[in-house]
Amino acid sequence: MPLLLVVDDEAHILQLLKYNLTKEGYQVIEATNGNDAIKLTGEKAPDLIILDKMLPEMDGFDVLRILKANRQSASIPVIMLSARSDELDKVLGLELGADDYITKPFSPRELVARVKVHLRRGQMLSVEDEPAEVEEVRINGLVIQPEKYEALLDGVRLELTQKEFELLHLLAGSPGRVFTRDILLEKIWGYDFEPKSRTVDVHISYLRQKIEKDPANPKYIETVRGVGYRFREIH
């Protein structure tokens, strides 16, 4: 039975989430502030975290930064909650490593559906894709080691988020193949976000900053205008 950590300082939100999630068969633990959220994550290793942006003492983005910087918690899916629908907030959350972003007020049914998607995605990565992912990828100084969830560039370990690593592995595993944004959303996130979502573009931008000497003139990841992205074939 999956264990979910719900982090929110509003009692009625905690009650609403716990009721709907336990009804679906999930175990739910709660935290009302960032420090407790980080502590519980370390102690209980939840399968997924639902994290409110506005928290006392430490906001949700700070909590997210800490969780994603810790290798033990970096791979745990995080769904951010926020009362703000500002696109910049959504983009920042995704840049920091959030897997999804839901604006309050939200539909409990939609949130439960998204929880199921991310948990299913995690199971697919750990079970169905395991045989294919053990193969190491080596391209012109770039080494991708799926079994370790690590990538090296010229011998230096890259500090990648889970989604950045998955994007890099997918693209580099098929040099020359063009992946549309819709395909990348489906394969990496498990389903489509809003039609105008910049999720893929934001993650590609941050990935380029980590692997390209000149992100404005990328050597590895090329943009195919109006379509998507591809990993350049290097001979």
Side-chain angles (χ1 to χ4, degrees), residues 1-84 89-126 149 159-166 188-191 193 199 202-203 206:
M1 184 183 298
L3 176 65
L4 311 184
L5 170 60
V6 178
V7 188
D8 202 301
D9 64 331
E10 297 182 76
H12 70 284
I13 295 293
L14 286 176
Q15 184 178 10
L16 175 67
L17 290 172
K18 186 170 185 178
Y19 171 78
N20 284 278
L21 292 169
T22 54
K23 189 170 65 172
E24 294 294 326
Y26 300 121
Q27 296 182 67
V28 179
I29 54 177
E30 306 169 10
T32 57
N33 61 72
N35 289 321
D36 286 348
I38 294 167
K39 182 180 179 181
L40 278 172
T41 299
E43 293 175 350
K44 303 294 185 180
D47 297 290
L48 181 143
I49 300 170
I50 299 172
L51 176 64
D52 187 34
K53 175 182 177 292
M54 299 299 294
L55 294 171
E57 302 173 16
M58 179 191 306
D59 74 14
F61 286 160
D62 289 332
V63 175
L64 185 60
R65 285 189 187 95
I66 293 171
L67 293 178
K68 293 301 178 181
N70 186 326
R71 295 184 66 182
Q72 291 185 328
S73 57
S75 63
I76 299 174
V78 177
I79 299 177
M80 293 290 299
L81 297 179
S82 177
R84 296 184 58 179
D89 258 19
K90 292 184 179 181
V91 170
L92 179 56
L94 295 169
E95 287 173 353
L96 293 174
D99 296 85
D100 209 339
Y101 197 106
I102 298 179
T103 304
K104 296 178 180 179
F106 55 85
S107 160
R109 289 181 62 186
E110 179 187 2
L111 185 138
V112 168
R114 295 197 184 201
V115 166
K116 289 180 179 179
V117 165
H118 289 294
L119 290 174
R120 185 166 62 246
R121 174 64 182 164
Q123 291 170 352
M124 289 170 61
L125 286 172
S126 62
Y149 247 72
E159 295 297 330
L160 303 177
T161 67
Q162 179 186 2
K163 296 305 182 192
E164 289 168 353
F165 178 86
E166 291 173 8
I188 304 302
W189 283 268
Y191 66 105
F193 281 75
T199 301
V202 167
H203 280 79
Y206 271 72

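When reading the values below, keep in mind they use all heavy atoms of this one structure, side chains included, and skip hydrogens, waters and symmetry mates.
Across Asp9 and Met54, no two heavy atoms sit closer than the pair OD1-O, 3.5 Å. When all heavy atoms of Leu5 and Ala37 are compared, the pair lying nearest together is CD2-O, 3.7 Å.
A search for side-chain contact (heavy atoms from CB on, under 4.5 Å) contacts involving Pro105 returns nothing, not counting sequence neighbours. Under the rule for a side-chain contact (heavy atoms from CB on, under 4.5 Å), the partners of Thr32 that lie at least two apart in sequence or sit in another chain are Leu14. Applying the side-chain hydrogen bond (donor to acceptor under 3.5 Å, both in side chains) test to Asp59 and every residue at least two apart in sequence or in another chain returns nothing.
Looking at Leu16 and Pro108, their side chains come closer than 4.5 Å, going by heavy atoms from C-beta outward. Side-chain contact between Leu21 and Val112 is present, with heavy atoms from C-beta onward closer than 4.5 Å.
Sorted by first then second residue, the side-chain hydrogen bond (donor to acceptor under 3.5 Å, both in side chains) pairs that include residues 42-53, not counting sequence neighbours, are Asp52-Lys104. For residues 19-29, the pairs satisfying side-chain hydrogen bond (donor to acceptor under 3.5 Å, both in side chains) are Glu24-Lys116, with sequence neighbours left out.
If you take CG on Leu81 and CG on Asp100, they are separated by 9.5 Å, rounding to the nearest 0.5 Å. Here OG1 of Thr103 is found 11.0 Å from CE of Met80. Values are rounded to the nearest 0.5 Å. From Ile50, atom CD1 reaches atom NE2 of His118 across 10.0 Å, with rounding to the nearest 0.5 Å. From Tyr206, atom OH reaches atom CG of Leu160 across 14.0 Å, with rounding to the nearest 0.5 Å. Here the straight-line distance linking atom CD1 of Ile29 with atom CD1 of Ile49 works out to 8.5 Å at 0.5 Å rounding.
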Report, one line per pair, each donor and acceptor closer than 3.5 Å where one atom sits in a side chain of residues 60-71; sequence neighbours left out.
from  : atom 1 : to     : atom 2 : distance (Å)
Asp62 : OD1    : Arg65  : NH1    : 2.7
Lys68 : NZ     : Ala74  : O      : 2.9
Lys68 : NZ     : Ile76  : O      : 3.0
Asn70 : OD1    : Gln72  : N      : 2.8
Arg71 : NH2    : Glu150 : OE2    : 2.8

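More than 12 non-hydrogen atoms from other residues, nucleotides or ligands lie less than 6.0 angstrom from CE of Met58.
Results of the side chain to side chain contact (heavy atoms under 4.5 Å, CB included) test with Leu55 over Asn33, Asn35, Asp36, Val7 single out Val7 as the only residue that passes.
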